[in-house]
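Reminder, nothing fancy here: chain letters follow the sequence lines and each chain counts from 1. Source: prediction; values computed, not measured.
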Amino acid sequence: MEERKNRVIVTVLGKDQIGIIAWVSNRLAGFNVNILDISQTILQDFFTMIMIVDLNPAQIDAGDLTKTLAEEGRQRGLQVNVQHEDVFAYMHRI
Amino acid sequence: MKITFAPEEILQTIEMVAHEHLDIRTITMGISLLDCVGGIAEMEKKIYDKIARKAERLVDVGARLESQYGIPIIHKRVAVTPVGMISSHLDPEGLVRLAKVLDRAAENVGVNFIGGYSALVQKGMTLGDQKLIEQIPQALAETERVCSSVNIGSTKAGINMDAVLQMGRVILAAAQRTADRDGIAAAKLVVFCNAPEDNPFMAGAFHGPGEPECVINVGVSGPGVVANVVKKHPEADFGELVNLIKRTAFKITRMGELIAQSASEELDIPFGIVDLSLAPTPAIGDSVADILEAMGLERCGTHGTTAALALLNDAVKKGGAMASSHVGGLSGAFIPVSEDAGMVRAVEDGALTLDKLEAMTCVCSVGLDMIAVPGDVSAETLAAIIADEAAIGMINKKTTAVRLIPAIGKKAGERVEFGGLLGGAPVMPLHPFSSAQFVRRGGRIPAPITSLSN
């Protein structure tokens, strides 16, 4: 059976500051989450980082990852969202 | 693996959820109870066990999908076979016991409402329907989660006016029995014309006789998302406005489709339909009235409101229809009063009247919904209001519904509070002239000529 795809999109929004990517990638590595692609832009004066990551080898599920990153992000003044890639595929692609 | 989504697309989705109240309103599991017939004690056990077995994982799966997809799923609910179909042999006490076992079964699986304490009597009543309808006030007053609906008319069958008059009495009795709680029992009771068999929304959900053994239906929501897109384009002409709403409805409905397919797969229960309704909540910014006002009306209810609602309702369907493999249920904009802060404000400002609401129900789903009326209303007047709504549904081949709450001991202008998603509302005035002689004539209003479509 084909392995079920379990890719999620992590977005980090907020005021630009040193070490955002270092923090996120360090936490992801700790949970054995594989980063597949990263993009970073400044959009409407906001730091916007979008990562696509693979949760298949991970030791954490999407729900707990969301909770962890959202809470730690809040302490840094950053809004972190974690959503399965299907959400975007369904919503934005016909 | 490259990111194939533009940052704007990703941010738009996040914005919809975080600031515009995009959510999946309900995952509703329909469960047939046709195999649960027997003596009352046997029925109680069979019904409780079957709901426990089928819906055991419903709430857990809902929570898991919510965190996986990052989309709030507000309600998980259960709808069952209309109880009137399986209760002909029971005594009145047995009917109340059935309501109570549904209540316990719902509590056991963790759902906040269970629908299907229902009867389909558009042409006439079976013994079971008759017994059920008589017990509705007590059943709703003595349970928390049970919702009831009665279909009294259809385009094919006409309107059962005997049932209409009886439902006027039942609504009044339900409110009187719960007078200390602002008549909450009446808020769990819907009277339908052309009731859909696969509607996932409460209080009118039931698992119709044409449905499979068990099914997953999903209701989407998102008035806030539509309101914002309308607000951002004040200069758009109608063609452009409709396109904006269609595109938004498409995106909202896609979320419903994704959740419905995933829930169906995880629970191993067939997917039925996605209901693409705009369902408001009392939260600020989650209002259908806001959308209408954003189109350029000073207050919802003023001249132009019916046209604005017609445009909205049609655009939502056009956008949503392509987004889902199976669309069903009610699928249209809801205009409940107490559950929509914008509607409440429009009533309080004197812009929105019952007569205007009635006109609005001609062009949207569902009907006169969550409207508080003075507590001294007569059963005949309630019946006449039901008859008017049913006539609109029957002639226009659409669903209409009436969910009125007689506010016992209160007059027009005073307020009722139900709390939670049911909200609160001002009591609306009714016409002082009697309809009693009309509704007491008895019999059926024949099916319209449009029913002869074969």
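For CZ of A:F46, the number of neighbouring non-hydrogen atoms (other residues, nucleotides, ligands) closer than 6.0 Å is 12 at most. Environment of CG in B:D237: crowded, with over 12 heavy atoms of neighbouring residues, nucleotides or ligands closer than 6.0 Å. Within 6.0 Å of the CD1 atom in A:I18, the count of heavy atoms belonging to other residues, nucleotides or ligands does not exceed 12. Enclosure of atom NZ in A:K15 is not indicated, since only 12 or fewer non-hydrogen atoms of other residues, nucleotides or ligands lie within 6.0 angstrom.
Side-chain atoms of A:H92 come within 3.5 Å of backbone atoms of B:E9 as a donor-acceptor pair (strictly under, hydrogens ignored).
Contacts between residues 63-77 of chain A and chain B, defined by a heavy-atom separation under 4.5 Å, are made by A:G63, A:T66.
The side-chain heavy atoms of B:Y69 and A:H84, taken from C-beta on, include a pair separated by under 4.5 Å. Between A:Q79 and B:I14, the closest side-chain pair of non-hydrogen atoms falls below 4.5 Å. Inter-residue side-chain proximity for B:M322 and A:I94 is flagged as met; some heavy-atom pair is nearer than 4.5 Å. Proximity of A:V8 to B:Q68: side-chain heavy atoms (C-beta onward) are nowhere separated by under 4.5 Å.
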Test side chain to side chain contact (heavy atoms under 4.5 Å, CB included) applied to A:L13 and B:L11, step by step: CA-CA 9 Å; A:L13 309 171; B:L11 294 182; 3.3 Å; yes
Pair B:L258-A:M91, side chain to side chain contact (heavy atoms under 4.5 Å, CB included): steps then yes or no: CA-CA 9 Å; B:L258 172 63; A:M91 190 178 267; over 6 Å; no
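Ring geometry, A:F88 versus B:F5: the interplanar angle falls from 30° to 60°, so the pair is classed tilted.
With a threshold of 4.5 angstrom between heavy atoms, B:E66 does not approach chain A through any atom at all. When heavy atoms are compared at a cutoff of 4.5 Å, A:N81 approaches chain B solely by way of its side chain, counted from C-beta outward. In this structure, chain A has no heavy atom under 4.5 Å from any part of B:L65.
In this structure, the separation between OG1 on B:T4 and CD1 on A:I52 is 6.5 Å, given to the nearest 0.5 Å. Here B:I259 contributes atom CD1 and A:Y90 contributes atom OH; the two are 10.0 Å apart, rounded to the nearest 0.5 Å. In this structure, OG1 in B:T13 is found 9.0 Å from CD1 in A:I9, a value given to the nearest 0.5 Å.
Taking each heavy atom of A:A62 and B:S67 in turn, the nearest pair found is CB-O, 4.3 Å.
The stretch residues 216-230 of chain B participates, sequence neighbours left out, in these side chain to side chain donor-acceptor pair (under 3.5 Å) pairs: B:E20-B:N228, B:R25-B:S221.
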